[in-house]
Number of protein chains: 2
Amino acid sequence: MKDSLFAELLESVEQMDEIVKGEREPAKERFVAASRLKLIRKKVNLSQPKFAMLIGVELSTLRNWEQGRREPTGPAKVLIKAIERDPENVIKACISS
Amino acid sequence: MKDSLFAELLESVEQMDEIVKGEREPAKERFVAASRLKLIRKKVNLSQPKFAMLIGVELSTLRNWEQGRREPTGPAKVLIKAIERDPENVIKACISS
DNA sequence: ATCCTACATACGCCATTGACGTATATTAAA
DNA sequence: TTTAATATACGTCAATGGCGTATGTAGGAT
């Protein structure tokens, strides 16, 4: 990872910091709404079983999310959102076990 | 997302399926060992507070992981592993709120 | 040397989740 | 219409995540 690029990322994390602290307006929502999860899964065209495996949860857990019975935890939301934003790269990084 | 590339990804997910079912040998470990988490965080050069924010957990939760008091849940492991494998793209996808 | 701030270790407590199970419904293909 | 794959729906419970507090450490600044 080149240093210049890394510096940019670091800057973004700093900005994220300020957003959380309320010193800056967030550009958009940071997390997936549980209700949008199904749409995201459809977007990458995976069945519940495969998507669940991809993101490392039990099938039943994914179902709980899609049916609104449970709320995904933080990392799950971040991961799903990341998949939504850049499916190619993120899914690749998830898969290559 | 181009269809050809997507087809490749889908194939990979199918393979992942077979791995989980024991029909195929996994290339490597699928998940992060909790003990490796700190090394991964150092690799991307982020403090505990910033890394916790990045992956969407409370600082105390990340600390529990690094100190071996708790085990990250599935999506957290996948996300961390993805960050390890492709920090640039995955962190970018996580950040862009 | 002392203060100060950021960063990290360590752990108690409890509401919420994830995992596991079962039963039913829908869809598509054979 | 039978079959298999996919999805809805929900009960139960151990384990986690979030929250708090206390302590330790490394680095500058004064």
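Computed from a predicted model, the values in this text were never measured in an experiment. The chains referred to below are lettered A, B, ... by the order of the sequence lines, with proteins before strands, and numbering in each begins at 1.
Put simply, CD1 on B/Ile55 is 15 Å from P on D/dT16, counting in whole angstrom units. Taking atom CG on A/Leu62 and atom C1' on C/dT17, their separation rounds to 14 Å, with Å as the unit. As rounded to whole Å, 18 Å separates atom C1' of C/dT17 from atom CZ of A/Arg63. If you measure from atom CZ of A/Arg41 to atom P of D/dT6, you get 10 Å, rounded to the nearest angstrom. In this structure, B/Leu46 places its CG atom 15 Å from C1' of C/dA6, rounding to the nearest Å. Atom CG in B/Asn45 sits about 18 Å away from atom P in C/dA6, given to the nearest Å. In this structure, CD of A/Glu66 is placed 17 Å from P of C/dT26, rounded to the nearest angstrom.
Considering only heavy atoms from C-beta on, A/Leu79 comes within 4.5 Å of A/Cys94 through its side chain. The shortest distance between side-chain heavy atoms of B/Arg69 and B/Arg63 does not fall below 4.5 Å. For the pair A/Ile83/A/Ile55, a side-chain contact is recorded, criterion being any heavy-atom separation below 4.5 Å from C-beta on.
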Nucleotides 18-21 of chain C: which of its N/O atoms have a protein N/O under 3.5 Å away?
from: C/dG18; atom 1: OP1; to: A/Thr73; atom 2: N; distance (Å): 3.2
from: C/dG18; atom 1: OP1; to: A/Thr73; atom 2: OG1; distance (Å): 3.1
from: C/dG18; atom 1: OP2; to: A/Trp65; atom 2: NE1; distance (Å): 2.8
from: C/dG18; atom 1: N7; to: A/Arg70; atom 2: NE; distance (Å): 3.2
from: C/dG18; atom 1: O6; to: A/Arg70; atom 2: NH2; distance (Å): 2.7
from: C/dA19; atom 1: OP2; to: A/Glu58; atom 2: N; distance (Å): 3.0
from: C/dA19; atom 1: OP2; to: A/Thr61; atom 2: OG1; distance (Å): 2.8
from: C/dC20; atom 1: OP2; to: A/Glu58; atom 2: OE1; distance (Å): 3.2
from: C/dC20; atom 1: OP2; to: A/Glu58; atom 2: OE2; distance (Å): 2.9

Below 3.5 Å between N/O atoms, which protein atoms pair up with nucleotides 23-28 of chain D? Just atom names and distances, please.
none

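Note that the two end axes of the helix from C/dA1-D/dT30 to C/dA30-D/dT1 enclose an angle of 50°, each drawn from 5 base pairs, rounded to 10 degrees.
Considering every non-hydrogen atom in both A/Val44 and A/Pro87, the closest pair reads CG1-CB, 4.0 Å. The two residues B/Pro75 and A/Trp65 have their closest heavy-atom pair at CG-CH2, 4.3 Å.
In this view, B/Glu58 satisfies the side chain to side chain donor-acceptor pair (under 3.5 Å) rule with no residue, not counting sequence neighbours. For B/Asp86, the side-chain contact (heavy atoms from CB on, under 4.5 Å) test picks out A/Asn89, A/Ala93, B/Glu88, B/Asn89, B/Val90, with sequence neighbours left out.
OP1 or OP2 of C/dA6 has not a single side-chain nitrogen or oxygen of B/Gln48 nearer than 4.0 Å. Within the 4.0 Å cut-off from OP1 or OP2 of D/dT8, at least one side-chain nitrogen or oxygen of A/Lys38 is found.
A salt bridge (charged side-chain N to carboxylate O under 4.0 Å, His left out) with B/Glu84 is found for one member of B/Arg36, B/Lys77, B/Lys38, B/Lys43 and no other, namely B/Arg36.
Rounding to the nearest 0.5 Å gives a distance of 9.5 Å between CG of A/Leu39 and CD of A/Glu66. A distance of 11.5 Å separates OG1 in A/Thr61 from CD in A/Gln48, rounded to the nearest 0.5 Å. Summarising the geometry, atom CD belonging to B/Gln67 is positioned 9.5 Å from atom CG belonging to B/Leu62; distances are rounded to the nearest 0.5 Å.
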